[in-house]
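Accompanying notes for the structure given below.
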Amino acid sequence: MASSSAAPRATRRVGWGQRMSRWDIKLSPYLYISPFFVLFAVFGAFPLLFNVVVAAHDWHRRAGMGDFVGLDNFTWVLRQPLFWRSLENTFSIFLWGGIPQLVLALFIAAVLDQNLRARTFWRMSVLLPFVVMPVATAMIFGQVFGQFGLLVPNLQEMGLLTHVDSPFFQDRLLSHVAIGSMVVFRWTGYNALILLAAMQAVPRELYEASTVDGASRVRQFFSVTLPSIRPTMIFVVLTMTIGGLQVFDEARMYDGGGTGGGHGGADHQWTTVVLYLYDLGFGDWQDRLGQAAAVGWIFAVVIGFFSLVNFLLTRSISSSRGPRVRISKKTTDAVIARARAAAEESRRQAAATAEPPTATSGADDDAGAAGVPRADVTKEGARR
């Protein structure tokens with residue numbers, strides 16, 4: 001009879017190297033991704049949390065933190081007419097820079113998608129404005145739209161825009177058009193390359209089939225290309241919305257510190273929300289860090305709202321699936337049973353219509369198997 005007590009197992013000692021190997025397997029993935037989280041915590045999460053503290057206090061750049069005021073900074077900002085004027089300017093500049101930018105990006109991407117010579121050269125060329133610093137772009141365009149620039153004297157000789165000396169600096173709408181043209185110049189090529197990548201992923205069989213059906217290039221663009229790149233186009237619109245509402249460098253350096261002193265014009269014709277935030281917290285004529293932080297949070301809510309609208313638009317447009325229909329198990333079993341019954345009925349009908357084998361054919365088969373000619377077997381059967 002075997003002993004009921006089992007023999008004790010030998011203790012296996014784990015060496016120092018094996019322990020380090022186990023710790024390496026467990027900790028290495030976290031160490032590899034830790035730089036991103038550390039940098040985000042230092043330069044992303046901490047400023048956001050600290051901004052909440054600043055927005056809730058009477059904070060000044062020189063005096064430091066003051067008394068706790070709660071939501072008073074937010075109410076003060078919402079009561080300022082200049083804040084609402086800057087919000088109107090921001091949306092106006094965004095529309096003047098966003099809509100032409102999207103149209104031109106689609107057109108350039110469609111042209112680059114064709115069989116062109118030196119395609120790599122042209123694709124690199126459209127990205128050159130994106131490499132130019134925004135400050136340099138704003139200063140160059142400021143000289144172009146200036147009183148003695150390339151555009152205004154020629155227009156005034158034609159009898160246009162003669163009511164003021166510097167129409168693109170004194171007129172509110174024209175200043176928005178000028179700043180919007182800077183945004184178009186800088187970001188069109190970047191968005192065109194993103195749309196080009198989406199266009200090249202469209203199956204070429206769709207274009208071949210539409211060509212056989214007699215569709216022109218324009219009809220192919222609207223009926224094949226645009227529906228195929230809808231998700232990418234919505235992504236471009238989303239990023240363009242977030243970036244366009246945060247325009248700052250172009251508005252700040254548009255006049256070069258001239259008539260507007262870098263504050264958006266003498267009458268705040270092109271003061272954007274971000275420029276208004278900068279003037280509140282760091283401008284020479286303001287020292288209101290608490291109110292500037294409140295402006296930042298209010299504007300973050302505005303951008304978040306438009307981002308949510310774009311997200312819902314993406315879900316509704318980019319999805320090609322129809323509404324899901326849920327079918328119960330009972331209905332599924334009934335459909336399967338009807339299909340099986342129909343198949344069985346078809347088999348019975350096929351068996352009933354089939355002709356039974358005749359005696360002659362059976363005799364022929366036997367004769368063939370015995371090596372006797374079929375004609376002789378038929379005659380023998382007739383004699384019998």
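Treat the numbers as computed from the prediction; the structure is a model and nothing was measured. When reading the values below, keep in mind they use all heavy atoms of this one structure, side chains included, and skip hydrogens, waters and symmetry mates. Numbering starts at 1 and runs along the sequence shown.
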Between [X] and [Y], is any pair of side-chain heavy atoms under 4.5 Å apart?
| X | Y | result |
| --- | --- | --- |
| Leu151 | Phe168 | yes |
| Trp187 | Val183 | yes |
| Ile303 | Gln246 | yes |
| Asp58 | Phe68 | no |
| Phe74 | Gln291 | no |

Hey, is the main chain of [Y] close enough, under 3.5 Å, to the side chain of [X] for a donor-acceptor pair?
| X | Y | answer |
| --- | --- | --- |
| Ser34 | Leu31 | yes |
| Gln269 | Asp267 | yes |
| Gln114 | Ala110 | yes |
| Asn73 | Ala55 | yes |
| Ser223 | Gln220 | no |
| Thr90 | Val273 | yes |

Among Phe141, Tyr254, Phe145, which residue satisfies the ring-ring contact (aromatic ring centres under 6.0 Å, His included) criterion with Phe169?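 Only one option passes, and that is Tyr254.
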Might you work through the side-chain contact (heavy atoms from CB on, under 4.5 Å) test for Asn89 and His176, ending with a clear yes or no? CA-CA 7 Å; Asn89 295 339; His176 296 175; 3.3 Å; yes
Return the orientation label for the Trp59 and His57 ring planes: parallel under 30°, perpendicular over 60°, tilted otherwise.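 Answer is perpendicular, since the angle exceeds 60°.
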Plane angle bin for Tyr190 and Phe130 - parallel if under 30°, tilted between 30 and 60°, otherwise perpendicular: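 Because their plane-to-plane angle is under 30°, the rings of Phe130 and Tyr190 count as parallel.
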Can Val152 and Ser166 be said to form a side-chain contact (heavy atoms from CB on, under 4.5 Å), step by step? CA-CA 8 Å; Val152 174; Ser166 299; over 6 Å; no
When hydrophobic residues are tied together by side-chain contacts of less than 4.5 Å, even through go-betweens, does Val177 share a cluster with Phe185?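 The answer is no; the residues belong to distinct hydrophobic clusters.
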When hydrophobic residues are tied together by side-chain contacts of less than 4.5 Å, even through go-betweens, does Leu238 share a cluster with Phe305?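 As far as the 4.5 Å side-chain criterion goes, Phe305 and Leu238 are connected within one cluster.
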Taking 4.0 angstrom as the limit, do Arg204 and Asp113 come out as a salt bridge?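 Looking at Arg204 and Asp113, the cut-off is met.
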Charged N to carboxylate O under 4.0 angstrom, Arg85 versus Glu88?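 No, no charged N to carboxylate O under 4.0 Å.
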Using distance only, find each side-chain donor-acceptor pair of residues 94-106 under 3.5 Å and give its atom names and separation, not counting sequence neighbours.
{"unit_1": "Gln101", "atom_1": "OE1", "unit_2": "Asn191", "atom_2": "ND2", "d": "2.4"}
{"unit_1": "Gln101", "atom_1": "NE2", "unit_2": "Gly97", "atom_2": "O", "d": "3.1"}

What's the separation between atom OG1 in Thr188 and atom CG in Leu127, rounded to the nearest 0.5 Å?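 Answer rounded to 0.5 Å: 11.5 Å.
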Verdict with supporting geometry, Asp171 and Val164, side-chain contact (heavy atoms from CB on, under 4.5 Å): CA-CA 8 Å; Asp171 188 82; Val164 289; 5.6 Å; no
Using the ring centroid of each side chain, check whether Phe91 and Phe306 are separated by less than 6.0 Å.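 Yes, close enough.
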Name the one of Val224, Val202, Ile194 that satisfies side-chain contact (heavy atoms from CB on, under 4.5 Å) with Ile229?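 Among Val224, Val202, Ile194, the one that satisfies the side-chain contact (heavy atoms from CB on, under 4.5 Å) with Ile229 is Val202.
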Decide side chain to side chain donor-acceptor pair (under 3.5 Å) for Glu250 and Thr272; before the verdict, give the C-alpha distance in whole Å, the side-chain angles of both, and the deciding distance to 0.1 Å. CA-CA 10 Å; Glu250 293 83 357; Thr272 61; over 6 Å; no
